[in-house]
Amino acid sequence: MAEILSQSQIDMLLSSLVGEKAEEKIPEAEAATKKIKEYDFRSPKHFTREQLKILFSIYENYARILSSYATGVLQTYCLVEIVEVEEQQYHEFNNALPDSVFMGIIDLAVKDTERDDDTVIMDLSKDIGFCVIDRLLGGAGVPLAMDREYSEIEHGLLEHFMKGMVNLMKNVWFDMVEMAPALIKTETNARILQGISPDENVVIIVLNFLINETQSKLNICIPAVTMELLFKKKASQNKKSRRSDQSSEAQRKTDIMQEINKSELEITGVLGMVDVQLKELLDLEVGDIIKLNKPAGSLIDLVVEDTSWFKGYMGVHNKKRASIIKEPLQRRSDAI
């Protein structure tokens, strides 16, 4: 005989089934939650998605140039790729860094600006730093196993390497902003760096740096005030280029017309036309009459080179044969 379940056993089975369904729904709820990104209204974003895309494309070109530079200097396989461009507050970026770093303070020196501190920060990870040092000193280009500070010689080598990286930055901004970036100084402690307020918005460009089999990050931090200056300068350059293009096009047209106006053209007044045989033409004598294809008193054609431009009447002006223009003719170029 089949065993009959008690009410308590039935309740336990139902509760277990409900628990399993809840557990199945939890991953879906978590997946939906992951797609939602919170917006902090206390620190609003200063730059649009389109501006960040422009910055992404600029430093994507910079990554390609930097790959060639690192490969040439270190004489080994190097690859630099851009990972992301993100806007955040400076204290978030600074807190994520380790206490011991190698950071370069860069002055972009944007041309024709009133600001003197167009500052940018470049942070090179220790793994890549020691790979560069090892390779420059004749090694295979491997990171250091132990974590320690840079020596003075190692610091000088990295500073020289970073100066070359900074100098390449002007090549990717050249089409939009003219600048002469220079490495002002380097720091090995991220906590003592001054010049940027902790609550100031910054744009972080994250680059993936690969040397042989060692992979780490290169971060470029651009403060919001510097970014606004670059985009304003870019907008003003675009306006100037449009104005210069328009003025140069107008000047070009003026120069062309001045040269064309010097051309000499032959104008012929055609009374009419008739087809004759060669025999009749040879038999013509003084006093013979040639009958044209136009009636008496009709307008004549004024032909410029080989094209009829006007119609008019024959007449006399200052005791010389002349013609008066009565109407223009529609030319093929006018119809187009």
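- To the nearest 0.5 Å, atom CG of residue L97 and atom CG of residue D123 are 5.0 Å apart.
- In this view, N61 and R64 satisfy the side chain to side chain donor-acceptor pair (under 3.5 Å) rule, not counting sequence neighbours.
- Taking a 4.5 Å side-chain heavy-atom cut-off between Ile, Leu, Val, Met, Phe, Trp and Tyr, the cluster of L79 extends to Y77, L210.
- By the side chain to side chain donor-acceptor pair (under 3.5 Å) test, N171 is found to be paired with no residue, residues two or more places apart in sequence or in another chain being considered.
- With contacts defined as side-chain heavy-atom distances shorter than 4.5 Å, the pair I222/I205 qualifies.
- With sequence neighbours excluded, the residues satisfying salt bridge (charged side-chain N to carboxylate O under 4.0 Å, His left out) with K185 are E187.
- Side-chain contact between V203 and L55 is present, with at least one heavy-atom pair separated by less than 4.5 Å.
- One finds the CG atom of L66 at 6.5 Å from the CG atom of L168 (value rounded to the nearest 0.5 Å).
- Applying the side-chain hydrogen bond (donor to acceptor under 3.5 Å, both in side chains) test to pairs two or more places apart or on separate chains, those with a residue in residues 132-147 are K126-D147.
- Checked against side chain to side chain donor-acceptor pair (under 3.5 Å), D283 has the following partners two or more places apart in sequence or in another chain: K279.
- Using bins of under 30°, 30° to 60° and over 60° for the plane-to-plane angle, the ring pair F161/F209 lands in the tilted bin.
- To the nearest 0.5 Å, the span separating CH2 on W173 from OH on Y62 amounts to 12.5 Å.
- In this structure, N94 contributes its side chain and A190 its backbone to a donor-acceptor pair below 3.5 Å.
- Applying the 4.5 Å side-chain rule to ILVMFWY residues, one finds that V286 remains a lone member of its cluster.
- Rounding to the nearest 0.5 angstrom, the gap separating the CE atom in M257 from the CZ atom in R252 is 12.5 Å.
- Taking 4.5 Å as the limit, every side-chain heavy atom of I256 sits out of range of all side-chain heavy atoms of T254.
- Rounding to the nearest 0.5 angstrom, the gap separating the CG atom in L207 from the CE atom in M165 is 8.0 Å.
- Applying the salt bridge (Lys or Arg N to Asp or Glu O under 4.0 Å) test to every pair with at least one member in residues 299-317, sequence neighbours left out, gives these pairs: K294-D301, D301-K311.
- Between D107 and P181, the closest side-chain pair of non-hydrogen atoms is not below 4.5 Å.
- Atom-to-atom distance recorded for Q51:CD and E228:CD is 9.0 Å, nearest 0.5 angstrom.
- In this structure the side chain of L157 never reaches within 4.5 angstrom of the side chain of V132, judged on heavy atoms.
- Side chains of S100 and E149: a donor on one and an acceptor on the other come within 3.5 Å.
- Inter-residue side-chain proximity for T226 and V110 is flagged as unmet; no heavy-atom pair is nearer than 4.5 Å.
- Taking the ring pair (Phe, Tyr, Trp, His ring centres under 6.0 Å) definition, one finds that F93 meets it with nothing, sequence neighbours left out.
- Side-chain contact of H155 with T186: a donor-acceptor pair under 3.5 Å is present, judged by distance alone.
- Two residues are said to be in side-chain contact when any heavy atoms from C-beta on lie closer than 4.5 Å; M122 and N219 fail this criterion.
- Membership of the apolar cluster around V303 extends to V270, M273, as traced through chained side-chain contacts below 4.5 Å between ILVMFWY residues.
- Judged by distance alone, with hydrogens and angles left aside, the side-chain atoms of N189 form no donor-acceptor pair with the main-chain N or O of V101 at under 3.5 Å.
- Among pairs with a residue in residues 261-278, none fulfils side-chain hydrogen bond (donor to acceptor under 3.5 Å, both in side chains), at least two apart in sequence or across chains.
- Between C131 and I211, the closest heavy-atom pair is CB-CD1, 4.1 Å.
- For S151, the side chain to side chain donor-acceptor pair (under 3.5 Å) partners at least two apart in sequence or on another chain are E154.
- N201 and Q88 are not linked by any side-chain donor-acceptor pair at a separation below 3.5 angstrom, with hydrogens and angles left out of the test.
- Taking 4.5 Å as the limit, some side-chain heavy atom of L136 sits within range of a side-chain heavy atom of V73.
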